[in-house]
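Just below is one structure, and these are the notes that go with it.
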Amino acid sequence: MKNTIFILNDDSPKYQQIYEQFKSFIKRGDIHPNDSLPSIRQLAESLQVSRNTTLMAYEQLLAEGYIRSEARKGYFVNELQQVLVQDTFNPPHKKHKVTVTPVEVDFRAGAVDQTNFPLKIWRRISNQVLTLPESFRYGEPFGEVCLREQIATYLFQYRGVKTEPNAIIIGSSTQQMLIHLGQILKDDNAGIIIEDPGYDGAMEAFRFHRFRIETLPVYETGANFSVLEKLESRLIYVTPSHQSPLGVSMSIQQRQMLIHWANNKNGFIIEDDYDSEFRYTQRPFPALASIDSTRVIYLGNFSKSFLPGIRLSYMVLPELLLNRYKKQFLHFESTSSLLSQLTMAKFMEEGEWNRHIKRMRLVYKRKMQCLVSELKKHFKQSISIIGEQSGLFVLVKVHLNHSEEWLIERASIYGVKVYPTSIYFIKNHPAEAIIKLGFSNLTRDEIQKGVKLLNKAWED
Ligand SMILES: Cc1ncc(COP(=O)(O)O)c(C=O)c1O
């Protein structure tokens, strides 16, 4: 499997091409009976396709008997009859190659720094929590009161949001919160305005509920709010502190204007405050919900500030929606781990959360500075950097007249994994390719090495 090269083009569905090429590798003997195949996730990552695509390819191969699935071991190639092996083989069009090469530097944004994770403290508190009688039952449907109290204090102190613990709902992820919210906000002809470009995960949640989607164009300088009056929806999803993915922050005038819009329309603003802890040049801007929370649904999570795998997020519901939400979901169990909630509550109560955020802001600030200065040093005028004031990633606009696909593929040949941004754009497509570089779990050396390799890949 090591030296197998996949050639993907745009002529037919990607899953079908992967399936066809696997079939050819098996028939040609490039892959032998009983060889193991990469996992669905590994293959999806190395080919830059979705897991669903590789899953569909594997399901087709399974159904036709080319491969088998073994519980907890993975996928393996089956023995084939000679007659099948002699089947015709049509080489696919050669448009571009994607090679399965080892990744040396992965600029993944969906990660956090591992070396500064407070492992000892978290372990100690987790152990304590496991001695509590309340750890041995189901949790509260809307989240543990002790954690909701801690979050309410944190939101007031650091985000300026005044709320009662009772108005906070704890769940497992932003998307899960949005799916729940969608359930209470959708009506027969529900529409929602989302940022373009914007967070694809949110868009999927709204699509799930078949919301009619309208778009608010966003640029490096900010959103074009003048379009709002032409749009029909009464619901808007925004990322005011750190626009996802362009990184701009909404000015106080724009925030006030948006609140005015929601009041006029009797609508609601969903404020996703997903990584506001990490602002490097000034203090984090106060949340939109701190100005007027009557029509703002505030979303927060622990994925960027602590650990994505903890699957812990929350929302603050305005009074107008709280009863509706609670009535709808009272009989559903909590979607987030009781143990994680109790541990996080204690972690916050002991002041460890504030210490962690303070420490990580400095760690990430240094990494951001390192990445930005390396990019400027190597690329000079060939790129523009977007969003260096905050967050755990930057966007790089590449002025070298190459497509996003080419840039990602060239980088992968040099062992560097970089990420697309085209998935975030709906109609407001940029003229030049923009690449996303996360840095949170990379060391200084890795950042330096990664940028050097990228420079070779793109400019040589
Ligand atoms: C805009 C935005 N909101 C929220 C999240 C966090 O999602 P989750 O709660 O699933 O970790 C992300 C993750 O990348 C994001 O980009």
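Residue indices begin at 1 and follow the sequence shown. Computed over heavy atoms, backbone and side chain alike; hydrogens, waters and symmetry mates excluded. Counting convention: from 1, in listed order, for ligands and their atoms alike.
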Relative to each other, are the rings of His356 and Trp353 parallel, tilted or perpendicular (30° and 60° limits)? tilted

Could you tell me whether Glu229 atom CD has more than 12 heavy atoms of other residues or ligands within 6.0 Å of it? no

Can a donor-acceptor pair be found, under 3.5 Å and without considering hydrogens, that links the side chain of Lys417 to the backbone of Glu45? yes

With heavy atoms and a 4.0 Å threshold, my read on which part of Ser173 contacts ligand 1 is both

Part of Gln175 with heavy atoms under 4.0 Å of ligand 1, whether side chain, backbone, both or neither: neither

Test of proximity, Ser303 against ligand 1: N or O pairs below 3.5 Å: yes

Consider only side-chain N and O atoms of Thr281 and Gln389, and report whether a donor and an acceptor are under 3.5 Å apart. no

Is it true that the side chains of Ser340 and Arg311 contain a donor and an acceptor less than 3.5 Å apart? no

Under 4.0 Å between heavy atoms, the region of Thr174 that gets near ligand 1 turns out to be both

I'd like to know whether the aromatic ring centres of Phe347 and Phe306 sit less than 6.0 Å apart in this structure. yes

Show the atoms of ligand 1 that are less than 4.0 angstrom away from any heavy atom in Tyr237. 1 (C)

Atom 14 (O) of ligand 1: nearest protein contact (heavy atom, Å): Lys304 NZ, 2.9 Å

Sub-4.0 Å atoms of ligand 1 with respect to non-hydrogen atoms of Arg311: 8 (P), 10 (O), 11 (O)

May I ask you to identify the nearest protein heavy atom to atom 3 (N) of ligand 1, giving residue, atom name and distance to one decimal place in Å? Asp272 OD2, 2.6 Å

Logged contact type for Phe393 with ligand 1, heavy-atom cut-off 4.0 Å, is neither

